[in-house]
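Just follow the structure's listing: the first ligand is 1, and inside any ligand the first atom is 1. Since the model is a prediction, treat every value here as computed from it, not as a measurement.
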Amino acid sequence: MNYPYQIKSYEQYKADYKKSIEQPEAFWAEIATHFTWRKKWDKVLEWNFTEPKIEWFKGGKLNITENCIDRHLATMGDKPAIIWEPNNPEERVRIVTYNRLHKRVCQFAQVLLNNGVKKGDRVCIYMGMVPELAYAVLGCARIGAIHSVIFGGFSAQSIADRLDDAQAEFIVTCDGAYRGEKVIPLKSVIDDALVGNKTIKRVIVYTRTRTPISMIKGRDVWWEDEMEYAEHQVEKDGIVSLPAVEMDAEDPLFILYTSGSTGKPKGVVHSTAGYMIWTNYTFINTFQYNKGDVHFCTADIGWITGHSYIVYGPLSAGATSLMFEGIPTYPDAGRFWDIVEKHKVNILYTAPTAIRSLMSFGLVPLGGKDLSSLKILGTVGEPINEEAWHWYDENVGKKKCPIVDTWWQTETGGCLITNLAGVTPAKPSWATLPMPGVQPILVDEKGEEVTEKDENGVIKGNLCIKAPWPSILRTTYGDHERCRTNYFATYPNLYFTGDGALKDEEGFYRITGRVDDVLNVSGHRIGTAEVENALNMHSGIVESAVVGYPHDIKGQGIYAFVICNHFHGGEEQTRKDILQTITRVIGAIAKPDKIQFVNGLPKTRSGKIMRRILRKIAEGETGSIGDTSTLLDPNIVDDIVQGRL
Ligand code: WTA
């Protein structure tokens, strides 16, 4: 058998699910025995959601890199761990075997030690999608440093905020990154982020694009030089070694910032053992991974999907993970299919927004591409509409590949609700069933369980989870109270996801989208408050309100209503200036698709902005936009409707 805990039938799923709920400790203890521990745990689970305090495998000692690398070396040392496909298809592919990965990770861990990084220190990683990014992440884990990867699309200001929040002293970056036709000047963005910064001790720079960059003496060092020096330290007589630091099961592994309904991103903290076991278990079961399969997750490692299903899940399973540097439309919209053909990809995991964008190019880019290696398809990040689901099924999977619709979040560490490929039933646009160990519940505004069904037998409510699974977030960095109020205080004794969901008579779940003030734009979470804060920083803007509206490709677009008292150079120029402000403050990913200048915003007498009304206007609602009688000035609404974009 491939993996002892791989679920092979619907019956087995039901039996495992039942056991996981009735005897969670016995269930997870059995799975945990299949990993490498320095010392066994004393207690499988202790928890309460009031503080919250969640501890899995307490007392256990391990290092996640021994599980992701060392334990595979004897049997699979020469098998590919990472296949790297460059942005430019003409450039050489890099195949990193487990042996090579081991060497590079040990070497980079040594580089970190040489530069003064210690267990528990925070290391910010701001790189493009090169194998060195995986070495950096795993190098941190090897010595117990906490990595905080920041997606390459965030601005200097966002980086500065995150560095400050995490109290980071070290940065690993690249000179630049290739993305399609563009070169993103990563180091120069870091330099901007570091103006006035006194806490960063070292910046390690990997050379990718050879973009001219500034290198500050005493602070900035080249990756290549450091690696060369470290090579002699970790390799003796052809034997590579760098002892992995022994970690507690509950020691933090990483921080990843994500947007919420408040203005400031939160540093979600994941722990070591629980995260490892969950990403491994869900990877093997959701995708029904078989040894030797090539798994292609198209996400960026700057997001949780890349952490869990490019790095930790696949590598802990001894899998071959394909890492792609570029974008789906470069050099043309057939790039994914070229990659599938070239590397005989077996599992393709992408976002609905990518599928919709590729759909818009029609079938020509798929013509003549051999996709016969594909066995399983997956989606993540946002609800998938039925049209996109069928397009994916027919044209990519040729109706032969099960599609898994995986619902999860940065905070959950890995998939919570999903079908298991070919094992449990699929239903287009439904994430379907919970993973073993996951207990969803739908509640109303008051936190009461919803049991009332509509005429189709469907229940609708806010999605919460009743008990912890191994990779639930443990805290938000530096502010545990924030973690409590955000996730555990809305409904007592429940983890609140922020999503709305439906449940049908078979117990299948369909995620309908966020019910808080968080948008999901191209599968990326963006808080409306965060965008508003950034808009309000623009010198001409007095006040703003941001809402989402349905967007054919992005899923949701960003619609900004702004009161502006100074149009320098006219409205069009001001719009451009505003977009530039957003790009500076957050990053290009948060740029509004539409900016409507208004004279006032609909407010209640107590001064609260009525977003419900703005949402309806943005959605293009032509009929009634609801009760406006509680508004301070109902006429404002007519004006806004008139000026709708
Ligand atoms: C949404 C990404 C519907 C949801 C892994 C969630 C989904 C947010 C799905 C988390 C799905 C993710 N169907 N919606 N299969 N997967 N979402 O933290 O709103 O970037 O709360 O994690 O994406 O986004 P995040």
Side-chain angles (χ1 to χ4, degrees), residues 149-151 153-154 254-261 265-270 275 278-279 282-283 286 297-310 312-313 349-356 377-386 388-389 392 403-420 426-435 438 440 462-465 471-473 476 486-487 490 495-503 508-528 530 548 554-556 589-590:
V149 184
I150 302 179
F151 174 63
F154 283 109
F254 66 86
I255 305 172
L256 189 58
Y257 284 86
T258 189
S259 295
S261 40
K266 302 175 285 260
V268 168
V269 177
H270 280 289
Y275 176 80
W278 190 258
T279 52
T282 53
F283 171 71
T286 306
C297 166
T298 72
D300 191 289
I301 293 178
W303 307 107
I304 191 70
T305 307
H307 280 61
S308 301
Y309 298 112
I310 297 178
Y312 289 111
Y349 188 35
T350 195
T353 190
I355 299 170
R356 287 190 300 264
L377 304 176
T379 69
V380 59
E382 45 174 329
I384 180 158
N385 47 315
E386 288 201 32
W389 195 98
Y392 200 29
I403 300 178
V404 290
D405 178 351
T406 65
W407 172 80
W408 57 293
Q409 312 178 295
T410 303
E411 295 84 346
T412 72
C415 311
L416 291 202
I417 302 183
T418 176
N419 50 319
L420 310 181
K427 181 172 174 180
S429 87
W430 290 66
T432 73
L433 294 167
M435 273 284 163
V438 176
N462 292 341
L463 178 62
C464 296
I465 315 285
S471 70
I472 185 173
L473 86 162
T476 47
N486 256 289
Y487 306 104
T490 316
Y495 165 79
F496 177 43
T497 66
D499 281 319
L502 310 177
K503 183 182 178 182
F508 290 3
Y509 289 88
R510 175 187 194 152
I511 314 304
T512 49
R514 304 288 305 193
V515 293
D516 53 7
D517 289 322
V518 174
L519 307 181
N520 192 324
V521 181
S522 300
H524 300 148
R525 270 162 71 169
I526 298 174
T528 52
E530 215 180 320
K554 298 179 175 184
Q556 266 188 314
I589 55 170

- Task: Could you establish whether Trp303 and ligand 1 come within less than 4.0 Å of each other, counting only heavy atoms on the residue side?
- Result: no

- Straight-line distance of Thr476 OG1 to Glu411 CD, nearest 0.5 Å: 10.0 Å

- Name the orientation class of the two ring planes belonging to Tyr275 and Phe254 (parallel below 30°, tilted from 30 to 60°, perpendicular beyond 60°). perpendicular

- Message: Under 4.0 Å from a heavy atom of Asp499: which atoms of ligand 1 are those, numbered in the order shown and with their elements?
- Response: 4 (C), 6 (C), 19 (O), 21 (O)

- Side chain, backbone, both or neither: the part of Thr379 lying under 4.0 Å from ligand 1 by heavy atom: neither

- atom 24 (O) of ligand 1 - nearest protein heavy atom and its distance: Arg525 CD, 3.0 Å

- Polar atom proximity, Gly523 to ligand 1 (N or O, under 3.5 Å): no

- Task: Go through ligand 1 atom by atom and flag the ones less than 4.0 Å from a non-hydrogen atom of Ile511.
- Result: 3 (C), 14 (N)

- Message: At less than 4.0 angstrom from any non-hydrogen atom of Val380, what atoms of ligand 1 do you find?
- Response: 5 (C)

- Message: Within the 4.0 Å heavy-atom shell around Ile304, which atoms of ligand 1 are there?
- Response: 5 (C), 22 (O)

- So the atoms of ligand 1 within less than 4.0 Å of a heavy atom of Asp405 turn out to be 11 (C), 13 (N), 15 (N)

- Going by the atom numbers of ligand 1, which of them fall below 4.0 Å from some non-hydrogen atom of Asn520? 1 (C), 23 (O)

